[in-house]
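Here the structure is a predicted model, which means the values were calculated and not measured. FYI, side chains are in, hydrogens and waters are out, and symmetry mates aren't considered; it's all heavy atoms of this structure.
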Amino acid sequence: MRVLGLIPARGGSKGVPRKNVRSLEGRPLLSYVAAAASAAATLARIIVSTDDEEIAAVASGCGIEVPFRRPADLGRDDTPTLPVIQHALDVLEAGGDRFDAVCLLQPTSPCVTAAQIDACVRLLDAEAADAVVTVRPVPVEYNPHWVYFRGDDGSLRLSTGEAAPIARRQALPPAYHRAGSVYVTRVDCLRAGTLYGRRLLGLEVDADSAVNIDSEADLVDAARVLRARRER
């Protein structure tokens, strides 16, 4: 199976300005996911999709290809992920390079590891899944069987649609949320307009690996994780 490693890194960001090239422990944020991708054994090719010249220069300095510039209309705040992936596939396929799956790696997940990338790709292949994503357990108090939505009339209804919640904590089924660090999807699903397909599997990762940079506080958390790893 031939897998493309794709790192989407646009120039604009609001919560943390220029976050993809912000310094984290003396290195650009982008460099961490670039290093993990480069160390992974399952990626046939790794590229960065960006609309920004500084980001392109940083990526090239990390040894990652930047074979094109992303169009401006795919670099807005509200641009979905799927068209960005499809655009990258279109450009690469026009040059004769085809893939069976795409491994989407977010530069805002600096604590992702090569082992996690490889585990997701291998799980996709071994289980004939449409897609694999990294996940974290949902805290028990937020389990869907205990979560309510409020209707227009003020009444509450369980998110599961059931009439009553499961009474005992021990009886709750495990629930997960996306960690956001790794998404691996087969190309035929991406071409059909879905990042997840019908058969989606999850690879559970630890909390440190799931740190995502959305705020200045997240940069502090990521620095703590990276320092701890170096000390180990």
Side-chain angles (χ1 to χ4, degrees), residues 3-70 74-77 79 81 84-85 88 92 102-121 132-136 178-184 203-232:
V3 181
L4 171 68
L6 176 62
I7 304 171
R10 67 187 185 91
S13 59
K14 290 183 176 178
V16 181
R18 305 292 297 166
K19 67 180 175 182
N20 288 321
V21 290
R22 275 287 297 273
S23 178
L24 175 62
E25 292 293 281
R27 292 168 48 186
L29 181 63
L30 176 66
S31 71
Y32 290 94
V33 72
S38 297
T42 54
L43 303 181
R45 185 177 180 184
I46 307 162
I47 68 166
V48 163
S49 168
T50 187
D51 57 346
D52 186 273
E53 292 302 323
E54 183 184 5
I55 290 174
V58 169
S60 296
C62 295
I64 304 298
E65 289 184 75
V66 191
F68 55 81
R69 295 294 180 272
R70 193 194 307 182
L74 292 180
R76 298 192 301 260
D77 288 340
T79 299
T81 299
V84 173
I85 300 173
L92 298 180
V102 175
C103 178
L104 181 73
L105 299 167
Q106 301 288 357
T108 50
S109 297
C111 302
V112 68
T113 68
Q116 290 163 356
I117 295 169
D118 286 338
C120 285
V121 172
V132 175
V133 299
T134 48
V135 297
R136 289 285 302 143
R178 294 174 303 171
S181 53
V182 183
Y183 301 75
V184 187
L203 179 81
E204 187 173 338
V205 297
D206 60 276
D208 285 347
S209 297
V211 172
N212 183 58
I213 309 301
D214 281 325
S215 68
E216 296 289 340
D218 294 329
L219 286 167
V220 174
D221 285 344
R224 171 189 56 79
V225 172
L226 295 169
R227 284 195 297 269
R229 285 182 178 177
R230 286 198 302 269
E231 291 169 3
R232 289 198 295 269

Student: Between Ile46 and Glu65, is any pair of side-chain heavy atoms under 4.5 Å apart?
Tutor: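 When only atoms from C-beta onward are counted, Glu65 and Ile46 do not touch, as no gap falls below 4.5 Å.
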Student: Locate the shortest heavy-atom distance separating Gly11 from Asp51; write the atom from each residue and the value.
Tutor: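 Closest pair (atom of Gly11, atom of Asp51, distance): N-OD1, 2.9 Å.
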Student: Are the side chains of Ser181 and Gln106 in contact, using a 4.5 Å heavy-atom criterion?
Tutor: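 The answer is no, as the side chains (C-beta and beyond) never meet within the 4.5 Å cut-off.
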Student: Give the minimum heavy-atom separation between Val33 and Pro107, together with the two atoms involved.
Tutor: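 The pair with the smallest heavy-atom distance is CG1-CA, 3.6 Å.
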Student: For Thr42 and Val3, what are the C-alpha separation, side-chain angles and deciding distance, and is it a side-chain contact (heavy atoms from CB on, under 4.5 Å)?
Tutor: CA-CA 7 Å; Thr42 54; Val3 181; 5.7 Å; no
Student: Check this for me, if you would: do Arg224 and Asp208 make a salt bridge, where the nitrogen-to-carboxylate-oxygen distance has to be below 4.0 angstrom?
Tutor: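 Salt bridge present between Arg224 and Asp208.
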Student: Of the non-hydrogen atoms in Ala210 and Val205, which two are nearest, and what is the gap between them?
Tutor: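 Minimum heavy-atom separation between Ala210 and Val205: CB-CG2, 4.4 Å.
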Student: Could you pull out the closest heavy-atom pair between Val58 and Leu30, with the gap in Å?
Tutor: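 Result for this residue pair: CG1-CD2, 4.0 Å.
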Student: What distance do Ile64 atom CD1 and Leu6 atom CG have between them, rounded to the nearest 0.5 Å?
Tutor: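 The CD1 atom of Ile64 sits 11.5 Å away from the CG atom of Leu6.
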Student: At their closest point, which heavy atom of Cys120 faces which heavy atom of Leu203, and how far apart are they?
Tutor: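 Looking at all heavy atoms of both residues, the shortest contact is SG-CD2, 3.6 Å.
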Student: Mark yes when over 12 heavy atoms from residues, nucleotides or ligands other than Arg27 sit less than 6.0 Å from its CZ; otherwise mark no.
Tutor: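 Above 12, so yes.
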Student: Applying side-chain contact (heavy atoms from CB on, under 4.5 Å), run through Thr81 and Leu104 and close with a yes or a no.
Tutor: CA-CA 9 Å; Thr81 299; Leu104 181 73; 3.5 Å; yes
Student: Report yes if the side chains of Ile7 and Val48 come closer than 4.5 Å at any heavy-atom pair, otherwise no.
Tutor: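 The answer is yes, as the side chains (C-beta and beyond) meet within the 4.5 Å cut-off.
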Student: When you compare the side chain of Pro28 with that of Arg18, does any pair of heavy atoms fall below 4.5 Å?
Tutor: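 Contact flag for Arg18/Pro28 side chains = no.
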Student: With rounding to the nearest 0.5 Å, note down the distance linking CD1 in Ile55 to CG in Asn20.
Tutor: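 Reported to 0.5 Å precision, the distance equals 4.5 Å.
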Student: Taking C-beta and beyond as the side chain, do Cys111 and Leu226 meet within less than 4.5 Å on heavy atoms?
Tutor: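 Yes, close enough: below the 4.5 Å cut-off.
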Student: Test side-chain contact (heavy atoms from CB on, under 4.5 Å) on Ile47 and Arg45; report intermediate values, then the result.
Tutor: CA-CA 7 Å; Ile47 68 166; Arg45 185 177 180 184; 3.9 Å; yes
Student: Does the side-chain contact (heavy atoms from CB on, under 4.5 Å) test come out yes or no for Leu43 and Leu4, once each step is laid out?
Tutor: CA-CA 6 Å; Leu43 303 181; Leu4 171 68; over 6 Å; no
Student: Can a donor-acceptor pair be found, under 3.5 Å and without considering hydrogens, that links the side chain of Lys19 to the backbone of Thr108?
Tutor: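 Flag not set: sc Lys19 to bb Thr108 has no pair under 3.5 Å.
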Student: Measure across Ala114 and Ala36 and return the closest heavy-atom pair with its distance rounded to 0.1 Å.
Tutor: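 The pair with the smallest heavy-atom distance is CB-O, 3.4 Å.
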Student: Got a donor-acceptor contact below 3.5 angstrom from the Asp218 side chain to the Val211 backbone?
Tutor: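 No: the side chain of Asp218 does not pair with the backbone of Val211.
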Student: Can you tell if the side chain of Thr134 reaches within under 4.5 Å of the side chain of Glu204, non-hydrogen atoms only?
Tutor: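 Sidechains of Glu204 and Thr134: no contact.
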Student: Indicate yes or no for a side-chain donor-acceptor contact from Asp118 to the backbone of Ala41 under 3.5 Å, with no hydrogens or angles considered.
Tutor: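 Between the backbone of Ala41 and the side chain of Asp118 there is a qualifying donor-acceptor contact (under 3.5 Å).
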Student: So which of Arg10, Arg70, Arg69 actually passes side-chain hydrogen bond (donor to acceptor under 3.5 Å, both in side chains) with Ser49?
Tutor: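 Output: one option passes, namely Arg70.
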Student: Okay, side chain of Thr113, backbone of Gln116: is any donor-acceptor separation there less than 3.5 Å?
Tutor: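 It does hold such a pair.
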Student: Looking only at atom types and distance, does a side-chain atom of Tyr32 sit under 3.5 Å from a main-chain N or O of Leu24, one as donor and one as acceptor?
Tutor: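 Such a contact is found between Tyr32 side chain and Leu24 backbone.
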Student: Indicate whether the side chain of Arg136 and that of Ser209 have a donor and an acceptor atom separated by less than 3.5 Å.
Tutor: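 Per modelled atom types, Arg136 and Ser209 side chains form no pair under 3.5 Å.
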Student: State, yes or no, whether a side-chain contact exists between Val66 and Thr50 at a heavy-atom distance under 4.5 Å.
Tutor: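 In contact.
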Student: Is any side-chain heavy atom of Val182 closer than 4.5 Å to a side-chain heavy atom of Cys103?
Tutor: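 Answer yes - side chains close enough.
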